[in-house]
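Here is the naming used below: chain letters follow the sequence lines, and residue numbers restart at 1 for every chain. Quick caveat, the model's predicted, so the values are computed rather than measured.
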Amino acid sequence: LAKTTQPISMDSYEGQEVNITCSHNNIATNDYITWYQQFPSQGPRFIIQGYKTKVTNEVASLFIPADRKSSTLSLPRVSLSDTAVYYCLVGVWDTDKLIFGTGTRLQVFP
Amino acid sequence: SAVISQKPSRDICQRGTSLTIQCQVDSQVTMMFWYRQQPGQSLTLIATANQGSEATYESGFVIDKFPISRPNLTFSTLTVSNMSPEDSSIYLCSVVGPSGGSEQYFGPGTRLTVT
């Protein structure tokens with residue numbers, strides 16, 4: 001079971017790029033890295049998932065170094081609506097328990 | 001992505017009573033998960049619900065307190081039994097996403113307040 005460590009909180013301003021790093025030193029060979037976004041009073045929303053190198057979708061990019069012991073979620077040009085809690089999750093659903101860490105509370109200011 | 005609905009969206013209950021939360025998915029899924037999220041906290045996995053077998057509970061959660069049913073591949077219920085104020089939380093169900101890995105899709109949650 002890979003444990004994740006993230007910063008508790010981050011602040012940014014509208015239009016800036018935000019990078020949130022997650023450490024997962026004991027990641028297993030079969031583990032995937034997945035990021036979620038959660039707004040107050042809503043369930044978490046899947047953002048992006050990767051196994052190695054870089055993954056990009058319409059919302060974010062995920063950078064994973066070769067050793068896979070960390071990952072960075074990159075949010076380009078954030079807006080006020082990106083204010084949320086972001087969770088990093090590491091594992092595989094059929095062999096692991098999908099345990100959420102503490103998450104990173106991102107506050108975007110105008 | 002799967003569309004998940006939960007009922008009720010919120011409820012206020014008296015201590016000692018029970019509440020059953022329903023989770024409906026718009027497609028057939030093998031595994032469903034139930035989480036609890038206390039105010040300002042992260043999500044805690046309660047149990048994994050497989051269709052046709054007993055749910056698997058995490059440490060600290062027992063079947064007598066949180067019985068789960070999984071009658072088919074699109075539906076599950078979680079009952080919070082003999083409630084106390086400490087059970088006040090948001091309860092969420094989730095399913096595995098099509099890409100596998102650790103991708104999940106969550107319902108909107110049920111906000112439970114026990115008085």
- Query: Taking everything shown except A/Phe109 itself, do over 12 heavy atoms lie less than 6.0 Å from its CZ?
  - Reply: yes
- Query: If you take all heavy atoms of A/Pro44 and B/Leu43, which pair is closest and at what distance?
  - Reply: CG-CD2, 3.8 Å
- Query: So, do A/Gln42 and B/Pro108 sit near enough that their side-chain heavy atoms are less than 4.5 Å apart?
  - Reply: no
- Message: Using the ring centroid of each side chain, check whether B/Tyr35 and A/Phe100 are separated by less than 6.0 Å.
- Response: yes
- Which atom names give the shortest non-hydrogen contact between A/Arg105 and B/Gly40, and what distance separates them? NH2-O, 4.4 Å
- Task: Flag yes if more than 12 heavy atoms outside B/Glu54 fall under 6.0 Å of its CD atom; otherwise flag no.
- Result: no
- Of all the heavy-atom pairs spanning B/Gln37 and A/Tyr87, show the shortest one and how long it is. NE2-OH, 3.4 Å
- Query: Taking atom CD1 of B/Ile12 as the centre, does the number of heavy atoms from other residues, nucleotides or ligands within less than 6.0 Å exceed 12?
  - Reply: no
- Task: Please answer: with hydrophobic residues joined when any side-chain heavy atoms are less than 4.5 Å apart, are B/Tyr57 and B/Leu45 in the same cluster?
- Result: no
- Message: With a 6.0 Å cut-off (strictly less than), is the heavy-atom count around OH of A/Tyr32, excluding the residue itself, greater than 12?
- Response: no
- Any link between A/Leu73 and A/Phe63 through a network of hydrophobic side chains (Ile, Leu, Val, Met, Phe, Trp, Tyr) touching at under 4.5 Å? no
- Task: Indicate yes or no for a side-chain donor-acceptor contact from A/Tyr36 to the backbone of B/Gln104 under 3.5 Å, with no hydrogens or angles considered.
- Result: yes
- Query: Considering all heavy atoms of both residues, which atom of A/Gln49 and which atom of B/Glu103 are nearest to each other, and what is their separation?
  - Reply: OE1-N, 3.0 Å
